[in-house]
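Everything quoted here is computed from the prediction, not taken from an experiment.
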Amino acid sequence: MSEKNSNALTNHIEAKKVWQMLAIIATTAIVWNLPSDVFGINGLTVVQQRIIAIFVFATLSWLTECIPAWATSLSIMTMMCVSVSQNSFGIFKDDHVGELLDSKEIMASFADPIIMLFLAGFILAIAASKSGLDTLLAKNLMRPFGRKSENVLLGFLLITGFFSMFISNTATAALMLTFLTPVFAALPANGKGRIALTMSIPLAANLGGMGTPIGTPPNLIALKYLNDPAGLNMNIDFAQWMMFMFPLVIILLLICWRVLIYFFPFSQKTIDLEIKGEIHSGWRMWVVIGTFIITILLWVIPKDLTGIDTNTVSMIPMGLFAITGVITAKDLQEINWSVIWMVAGGFAIGLGMNGSGLADAAIESIPFDNWSPIIILVISGLICYFLSNFISNTATAALLVPILAVVCKGMGDKLDVIGGTSTVLIGIAIAASTAMCLPISTPPNAIAYSTGLVEQKDMLKTGLTCGLISLILGYALLFVIGELHILG
């Protein structure tokens, strides 16, 4: 493409984004100023209507991506602070506008304990990479799988899945793909084995993230609302999450293994695998190893025995790595702050719905008890799955979970038919992680596609097959867990 055509295309895209942004602002302004009786919610206050308008702004901005997703979240928090908080501009305050929010609580969305848990995941990933612990683990974990091509494929699936439970899916995919380079040198250039190995990385990274609360942002968003003391208050901890999600992930990875072998069989039966990478020695490596062991043990040991909760444990690696110099100020720049802002924006929306009384007003005015739990479960899961294939799964979860938390609260015991509230909300986290049909669906998909070894049709075929199987099995597991009352 010529420079002139490239500039024209860039200008067209920029102009399109501007028009989309103007349309979103106009739509938000209309919703902001509509007569309150239009919404069908009894006693709707001005503040609550403003929250609805801000939610509309967030939804449209995240869907169109006319501004970056993190910018949408920052805009949400800004609009809430200046228009619906006790410290908002005077023109927004009046005796008849309704209950105003505390601006400190809105700002605290960025420092929520769940955010600290997420930060701990980033910090652990950076420390593992700097010390070479990730390479050391990959080398030793791959050894038992031997030289048989199909077993090497299984090794990459299981190890990538394990890494992505504790390290960001994106970082895991990038790391594991670098280990594939020497493997490809030993395979035929036109063989399907290369496609199988390349596709194993995004599939395992996406599904592996479901295994722990810190594996992927949608897990944390669901957990936030499930454990909210003012809401569902289910007290699901790290160990409980892993107790049912870890076995599910292993089963799903084994299924992916067979699917990949079916679609892309190896023409060469053995592979000479050599994983290269720098492994640092010295006391800092032992600090990293020791901290990993302590942190993971404290996460999985029940709080009743240790007296310390999951979120507080997340501070330990951050503090130890900072004091010992394992993590420096420069390393903090590697943290994906844009994703953290996205999560915080979703929390701010939830705060607005609950703090303004909008959630309670909606529960009282909308006949949730007449809705079918099965329909709620199926529609919410399919909407999440569809949206997550096209926009960030974090943004999708941030949009859907606060709404569904309100719906679930309104339906009460009626949800027991499908296993309870946890089936719906954790189901959203599962649906978000199983959406992996396209190169744009997830960062691991994009990284794998960028290698040039995978075509879009290959990704669609494997992503759709493995994704739908994972979605069905995931919801089936949640139903069984709910029926047996294992959670809550």
Side-chain angles (χ1 to χ4, degrees), residues 58-59 62-65 69 161 164 169-170 199 202-211 215-223 225-226 244-245 248-249 251-253 255-256 259 342-343 346 371-405 407-408 415 418-419 421-446 448-449 456-479 481-482:
T59 303
W62 272 328
L63 287 173
T64 61
E65 296 184 327
S164 67
N169 300 348
T170 307
M199 276 305 306
L203 289 176
N206 293 324
L207 296 177
M210 296 191 300
T216 183
N219 295 1
L220 293 168
I221 293 171
L223 202 61
Y225 287 90
L226 288 167
F244 60 89
M245 294 301 283
L248 173 65
V249 168
I251 292 170
L252 296 181
L253 292 178
I255 291 172
C256 288
V259 169
M342 283 180 62
V343 174
W371 296 14
S372 167
I374 301 292
I375 291 177
I376 293 294
L377 185 68
V378 172
I379 291 179
S380 64
L382 290 177
I383 288 175
C384 181
Y385 180 80
F386 176 78
L387 288 179
S388 293
N389 271 301
F390 296 96
I391 67 171
S392 157
N393 57 13
T394 305
T396 303
L399 285 173
L400 295 179
V401 172
I403 291 293
L404 289 170
V407 172
C408 291
L415 288 172
I418 57 171
T421 300
S422 59
T423 306
V424 179
L425 297 191
I426 300 178
I428 291 298
I430 290 176
S433 291
T434 57
M436 46 189 175
C437 294
L438 306 170
I440 62 170
S441 297
T442 68
N445 279 25
Y449 186 72
Q456 191 158 321
K457 64 180 181 180
D458 298 326
M459 190 165 284
L460 178 62
K461 183 164 55 178
T462 54
L464 190 62
T465 304
C466 295
L468 290 178
I469 292 173
S470 301
L471 189 65
I472 293 167
L473 291 181
Y475 271 94
L477 173 66
L478 291 176
F479 175 77
I481 289 169

Do the non-hydrogen side-chain atoms of [X] and [Y] ever get within less than 4.5 Å of each other?
X    : Y    : result
L252 : M210 : yes
L438 : M459 : no
I379 : W371 : no
L478 : V424 : no
S380 : L400 : no

Is the backbone of [Y] close enough, under 3.5 Å, to the side chain of [X] for a donor and an acceptor to pair up by distance?
X    : Y    : answer
N393 : A435 : no
S164 : G161 : yes
S388 : Y385 : no

[atom1] of [X] to [atom2] of [Y]: how many Å apart, nearest 0.5 Å?
X    : Y    : atom1 : atom2 : result
L207 : T216 : CG    : OG1   : 11.0 Å
L377 : I418 : CG    : CD1   : 4.5 Å
I430 : C384 : CD1   : SG    : 10.5 Å
L382 : L387 : CG    : CG    : 11.0 Å
T423 : I376 : OG1   : CD1   : 13.5 Å
S433 : M245 : OG    : CE    : 7.5 Å

*Check the pair L473, I255 against side-chain contact (heavy atoms from CB on, under 4.5 Å), reporting the backbone distance first and the verdict last.*
CA-CA 11 Å; L473 291 181; I255 291 172; 3.5 Å; yes
So, for [X] and [Y], which heavy atoms are closest and what is the spacing to 0.1 Å?
X    : Y    : result
W62  : A395 : CG-CB, 3.7 Å
G463 : L203 : CA-CD2, 4.4 Å
C437 : N389 : N-OD1, 2.9 Å
A431 : Y475 : CB-OH, 4.4 Å
Y225 : A405 : CD2-CB, 4.1 Å
A69  : M342 : CB-SD, 3.4 Å

*Only pairs at least two apart or in different chains count here, so list each side-chain hydrogen bond (donor to acceptor under 3.5 Å, both in side chains) that has a residue in residues 457-466.*
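Counting only pairs at least two positions apart or across chains, no side-chain hydrogen bond (donor to acceptor under 3.5 Å, both in side chains) contact touches residues 457-466.
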_Residues forming a side chain to side chain donor-acceptor pair (under 3.5 Å) with N445, sequence neighbours excluded_ =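 Per chain and number, N445 pairs via side chain to side chain donor-acceptor pair (under 3.5 Å) with N206, T442.
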